[in-house]
Amino acid sequence: MEQLKNKIMHEGKVLSDTVLKVDSFLNHQIDPELMQEIGKEFAERFRTSNITKILSIESSGIAPAVMAGLYLGVPVIFARKRKSLTLTDRLYSSSVYSFTKKETNEISVSKDFLVKEDVVLLIDDFLANGQAVHGLVNIIEQAEAQLAGVGIVIEKGFQSGGTEIRDKGIRVESLAIVRSLENGEVIFQEEEGN
Ligand code: G4P
Ligand code: NA
Ligand code: NA
């Protein structure tokens, strides 16, 4: 997605060989018009998948997920990162380990909002090692719902998540795939359809 890549080129900050900071439009301040275009793009790519629900994770997945939900005309759920202390029997939950933060979060979704008739599109802001996506896939399995695919705003192609998830036969659509952040420079992977 050209508009997104331009935004990353102009406003992204390469913090290290592995970390790209995009606080000015995605992770802290949010650019609503860009989010709208991102939502449209996800909706176009999954238009024929009969999606009934979008599942994301707080906090940075919510903005792109809501915009995709708007264009697909379906509700958006976001997994919460701290399990509430009561009524855990009414929750699907899964453990997500972050290599970046070296901590484990329990993520959870109410059984009220995800049912086995659902066809689910997962959406998140970043795909790095794929732990968040694995956790969300696990929750969809618990619900016995159907997974239509995964929509990612920025995939770091040099980390293992994308390959692992695609190897499981899951469709992954990333709007920008970063091939390298070496020497302070963002290099994109050119991909058909991007
Ligand atoms: P993984 O799920 O793919 O395994 O990713 P990882 O544990 O490495 O990521 C932990 C957090 O850091 C996630 O946000 C993820 O979106 C974010 N992240 C990973 N790599 C980058 C990067 O290069 N740049 C930025 N800006 N973020 C990155 P989170 O903890 O869920 O936070 P949030 O959703 O509240 O923002
Ligand atoms: Na995230
Ligand atoms: Na994030």
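Nothing here was measured: the structure is a model prediction, and the numbers come from that model. We count ligands from 1, going down the list as the structure has it; atoms in each ligand are counted the same way.
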Of all the atoms in ligand 1, which lie at a distance below 4.0 Å from a heavy atom belonging to K81? 29 (P), 30 (O), 31 (O), 32 (O), 33 (P), 34 (O), 35 (O)

OD1 (D124) to the Na ion (ligand 2) to OD1 (D125): angle, nearest 10 degrees? 70°

Quick check on contacts: which atoms of ligand 1 are under 4.0 angstrom from a heavy atom of F99? 7 (O)

When you compare the side chain of N129 with that of Y97, does any pair of heavy atoms fall below 4.5 Å? no

Atom indices of ligand 1 within 4.0 angstrom of V19 heavy atoms, with elements: 23 (O)

From the options E58, H134, K156, select the one whose nearest heavy atom is closest to atom 22 (C) of ligand 1. K156

Side chain to side chain contact (heavy atoms under 4.5 Å, CB included) evaluation trace for V22 with F126: CA-CA 10 Å; V22 286; F126 268 90; 3.6 Å; yes

Geometric N/O contact A132 with ligand 1, under 3.5 angstrom: yes

Checking side-chain polar atoms at under 3.5 Å, does N6 have a donor or acceptor matched by the opposite partner on E2? no

Pull out every atom of ligand 1 sitting under 4.0 Å from any heavy atom of K101, numbered as shown with elements. 29 (P), 30 (O), 32 (O)

Pair R166 + E155: basic N to acidic O under 4.0 Å: yes

Between E41 and Y71, do the side chains contain an N or O donor and an N or O acceptor separated by less than 3.5 Å? no

Residue-ligand contact T18/ligand 1, heavy atom below 4.0 Å: yes

Proximity winner for atom 25 (C) of ligand 1, if only heavy atoms of I62, V14, L20, L26 are counted: L20

Heteroatom proximity flag, T100 to ligand 1, N/O under 3.5 Å: yes

What I want to know is whether G61 and ligand 1 share at least one N or O pair that is separated by under 3.5 angstrom. no

Cationic N near anionic O, under 4.0 Å, E44 to R47: no

Compare K21, Q131, Q159 and give the one whose heavy atom is closest to atom 4 (O) of ligand 1. Q131

Is it true that E190 and K5 make a salt bridge, defined as a side-chain N closer than 4.0 Å to a carboxylate O? yes

Just distances here: any N/O of G130 and N/O of ligand 1 closer than 3.5 Å? yes

Under 3.5 Å, N or O to N or O, is S98 touching ligand 1 that way? yes

Using a 4.0 Å heavy-atom cut-off, say whether N129 meets ligand 1 through its side chain, its backbone, both or neither. both

